[in-house]
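Comments concern the structure below.
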Amino acid sequence: MGLRFAARFIDGIIIGIIALIAYFIAGDGFVGQFILGLVSALLGFAYFTFLESSRGQTFGKQILGLRTLGAAGGNPTQAEAAKRNAFLLLNIVPLLGGLLVFIAYIVIAVTINSSPTKQGKHDELAGGTQVVKVG
């Protein structure tokens, strides 16, 4: 689970840099916070969905030698990748979005840790996706 966390952290830095640029452009205050949440949610969801369905891995996973497999064993379909990462859209919720995503990460971590196949709740909801070590 440590490598998966590290990969998400690397990907989070990539997404965070772009979201912070949007925040600084939008300005401080409620509007800036809303833009930050919106950009974080949409960009994060698009980033993970596109890269997992097209390449089987995000840049963080690539760096750490991980790959996401779809239920059929190849790259996840766009639908599987979208379902797997839908929790990131919770960031859109004003004021509570970040907390909701944090809670989702805790649920995912607990379910990965307790699963014999190391699949989280998000993998289960996506029809059985799985993250594996490659190479």
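Each residue takes its place number in the sequence, starting with 1.
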Next item on the list: Check Thr111 against Ile108 and note the closest heavy-atom contact, atom names and distance.
Entry: OG1-O, 3.0 Å
Note to self: Within a 6.0 Å radius of atom NZ on Lys118, are there more than 12 heavy atoms belonging to other residues, nucleotides or ligands?
What the structure shows: yes
Notebook entry, point to check: When the aromatic ring centroids of Phe5 and Tyr105 are compared, is their separation below 6.0 Å?
Noted result: no
Notebook entry, point to check: Looking only at heavy atoms, which two atoms of Tyr47 and Gly60 are closest? And how far apart?
Noted result: OH-N, 4.3 Å
Next item on the list: With rounding to the nearest 0.5 Å, note down the distance linking NE2 in His122 to CG in Asn85.
Entry: 7.0 Å
Note to self: Quick check with a 6.0 Å cut-off and a 45 degree axis cone: is Arg8 positioned over the face of Phe48's six-membered ring?
What the structure shows: yes
Next item on the list: Answer whether the closest heavy-atom distance between the side chains of Val110 and Asn113 falls below 4.5 Å.
Entry: no
Next item on the list: Evaluate the criterion side chain to side chain contact (heavy atoms under 4.5 Å, CB included) for residue pair Phe59 and Ile14; output intermediate values, then yes/no.
Entry: CA-CA 9 Å; Phe59 296 116; Ile14 294 167; 4.1 Å; yes
Check: What are the two closest non-hydrogen atoms of Phe87 and Ala104, and how far apart are they?
Finding: CD1-CB, 3.7 Å
Notebook entry, point to check: What distance do Leu88 atom CG and Leu100 atom CG have between them, rounded to the nearest 0.5 Å?
Noted result: 12.0 Å
Check: Would Val93 end up clustered with Leu43 when hydrophobic side chains under 4.5 Å apart are linked, directly or stepwise?
Finding: yes
Note to self: Let's go through Val101 and Leu89 carefully: what are the C-alpha distance in whole Å and the side-chain angles of both, what is the deciding distance for side chain to side chain contact (heavy atoms under 4.5 Å, CB included) to 0.1 Å, and is it a yes or a no?
What the structure shows: CA-CA 8 Å; Val101 171; Leu89 295 173; over 6 Å; no
Note to self: Hydrophobic clusters here meaning ILVMFWY residues chained together by side-chain heavy-atom distances under 4.5 Å, can you tell me if Leu36 and Leu42 are in one?
What the structure shows: no
Note to self: If you compare all heavy atoms of Ala41 against all heavy atoms of Asn91, which two are closest, and at what distance to 0.1 Å?
What the structure shows: CB-CB, 3.5 Å
Next item on the list: Check the pair Leu69 / Thr129 against side chain to side chain contact (heavy atoms under 4.5 Å, CB included), numbers first and verdict last.
Entry: CA-CA 6 Å; Leu69 299 177; Thr129 58; over 6 Å; no
Item checked: Contact summary for Gly56 and Pro76, nearest pair of heavy atoms -> CA-CD, 4.4 Å
Next item on the list: Would you indicate whether the side-chain heavy atoms of Leu66 and Val134 approach each other to under 4.5 Å?
Entry: no
Next item on the list: Would you kindly say whether Asp123 and Gln130 are connected by a side-chain donor-acceptor distance under 3.5 Å?
Entry: no
Next item on the list: Quick one: pull up CG in Leu125 and CD in Gln119 and give me the separation to the nearest 0.5 Å.
Entry: 11.5 Å
Notebook entry, point to check: Are any non-hydrogen side-chain atoms of Asn75 and Thr68 less than 4.5 angstrom apart?
Noted result: no
Notebook entry, point to check: Under 4.5 Å between side-chain heavy atoms, hopping through other hydrophobics if needed: is there a path connecting Phe24 to Phe34?
Noted result: no
Margin query: Between Lys83 and Glu80, does any side-chain N to carboxylate O distance fall below 4.0 Å?
Written below: no
Next item on the list: Give, for atom CD1 of Ile35 and atom OG of Ser40, the distance between the pair rounded to the nearest 0.5 Å.
Entry: 10.5 Å
Notebook entry, point to check: Do Gln62 and Arg67 have side-chain N/O donor and acceptor atoms under 3.5 Å apart?
Noted result: no
Notebook entry, point to check: Do Glu52 and Gln78 have side chains that get closer than 4.5 Å, going by heavy atoms?
Noted result: no
Item checked: Ala6 to Leu64 - nearest heavy-atom pair and separation -> CB-CD1, 3.5 Å
Notebook entry, point to check: In terms of hydrophobic clusters joined by side-chain contacts under 4.5 Å, are Ile17 and Phe9 together?
Noted result: yes
Margin query: Assigning hydrophobic clusters by single linkage (Ile, Leu, Val, Met, Phe, Trp, Tyr; side-chain heavy-atom cutoff under 4.5 Å), is Ile15 placed with Leu20?
Written below: no
Note to self: Less than 4.0 angstrom from a charged side-chain N to a carboxylate O is my criterion; do Arg4 and Asp11 meet it?
What the structure shows: no
Next item on the list: Kindly say whether Ile112 contributes a backbone atom to a donor-acceptor pair with the side chain of Ser115 at under 3.5 angstrom?
Entry: no
